[in-house]
Amino acid sequence: MTGYAARHTTPATAEEAVAVQGELRGRVVVADEAPPPGRPGTLVAGVDVAYDDARDTVAAAVVVLDGGTLEVVEEATAAGPVPFPYLPGLLAFRELPAALAALDRLRGVPDLVVCDGYGLAHPRRFGLASHLGVLTGLPSVGVAKNPFGFAHGPLDAERGARAALTDPATGEVAGAALRTRAGVKPVYVSVGHRVTLDAACAHVLRLARDVRQPETTRRADRLCRAALARAVAGA
DNA sequence: GCGACAG
DNA sequence: ATCTTGTCGC
């Protein structure tokens with residue numbers, strides 16, 4: 001029991017949520033503090049969440065892989081009521097309670113957490129991955145399937161090709177469009193906490209060998225759907 | 001006001 | 001996120 005869940009409180013309003021992001025934003029650390037990609041024995045965790053709004057249920061799953069072999073080391077899930085509505089830019093408040101609860105059920109402490117969504121590539125530079133990273137203190141990266149409001153130039157068709165994700169308003173680099181599979185739509189990577197963009201991309205490439213999404217995310221996605229089905233069924 | 005909008 | 005089967009293509 002690491003007690004991560006107790007570090008988060010669900011805001012009563014969207015305005016409060018935005019204020020919380022403003023308070024925590026400054027705690028994000030952009031530095032190369034996670035173990036390098038591929039190191040055996042390293043614990044790389046993937047987190048994902050599934051919903052059944054009609055039944056007011058959310059289920060999260062964390063799957064921990066060995067960074068060297070990508071073999072599953074440990075898994076944990078947590079379910080509960082949906083804490084917050086989905087509002088663009090405030091996704092974290094919808095996913096954090098269950099995600100932190102699942103992390104609390106882990107026996108080991110991850111060396112890196114891969115989140116489904118954004119980190120610094122966020123309207124206020126504080127997406128889900130950064131929020132989770134700051135609250136847990138764990139290195140984290142954000143991997144999204146869509147560029148939200150960000151833009152990027154063309155990138156080569158080869159695996160590993162990368163292009164800067166920039167904020168159309170400020171021109172600031174917020175992340176990277178990263179091609180994990182040749183000729184396939186890229187994923188959008190950004191720094192969560194305690195990693196650099198280069199390290200984040202390197203990890204994602206290592207975790208997505210022959211598939212578009214990191215293996216961590218794929219496994220967590222499958223597990224949280226199963227956990228949701230169980231939660232809704234009753235057990 | 002209208003559209004866009006991580007999951 | 002979620003509603004949803006088969007099907008076209010490498």
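Lettering of chains follows the sequences in order, A, B, ..., and the numbering in each one begins at 1. Values below: every heavy atom of this structure, side chains too, minus hydrogens, waters and symmetry copies.
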What class does the angle between the rings of A:Phe150 and A:Tyr118 fall in, given that below 30° is parallel, 30 to 60° is tilted and above 60° is perpendicular?
->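 Geometry flag for A:Tyr118 against A:Phe150: perpendicular rings.
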How would you label the contact of [X] with the nucleic acid (heavy atoms, under 4.0 Å): base, sugar-phosphate, or nothing?
X	value
A:Leu128	base
A:Leu165	nothing
A:Ala121	nothing
A:Tyr118	base
A:Gly127	base
A:Gly142	nothing

Length of the line joining [X]:[atom1] and [N]:[atom2], which is rounded to integer Å:
X	N	atom1	atom2	result
A:Lys145	C:dT2	NZ	C1'	13 Å
A:Leu91	C:dT2	CG	C1'	15 Å
A:Asp53	C:dA1	CG	P	12 Å
A:Asp221	C:dA1	CG	P	7 Å
A:Arg94	C:dA1	CZ	C1'	7 Å

For the residue pair A:Thr216 and A:Val44, what are the closest heavy atoms and their distance?
->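 Looks like CG2-O, 3.8 Å.
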Heavy-atom side-chain proximity of [X] to [Y] below 4.5 angstrom:
X	Y	value
A:Tyr86	A:Leu91	yes
A:Leu205	A:Arg162	no
A:Leu70	A:Leu207	yes

Measuring from A:His131:NE2 to A:Thr136:OG1, what's the distance to the nearest 0.5 Å?
->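 The OG1 atom of A:Thr136 is 10.5 Å from NE2 of A:His131, to the nearest 0.5 Å.
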Roughly how far apart are A:Arg25 CZ and A:Leu120 CG, rounded to 0.5 Å?
->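 Atom-to-atom, A:Arg25:CZ and A:Leu120:CG are 11.0 Å apart.
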Using the heavy-atom set of chain A and a strict 4.0 Å cut-off, write down the first and last nucleotide of DNA chain B that makes it in, 5' to 3'.
->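 Reading along DNA chain B, I get B:dC5 to B:dG7.
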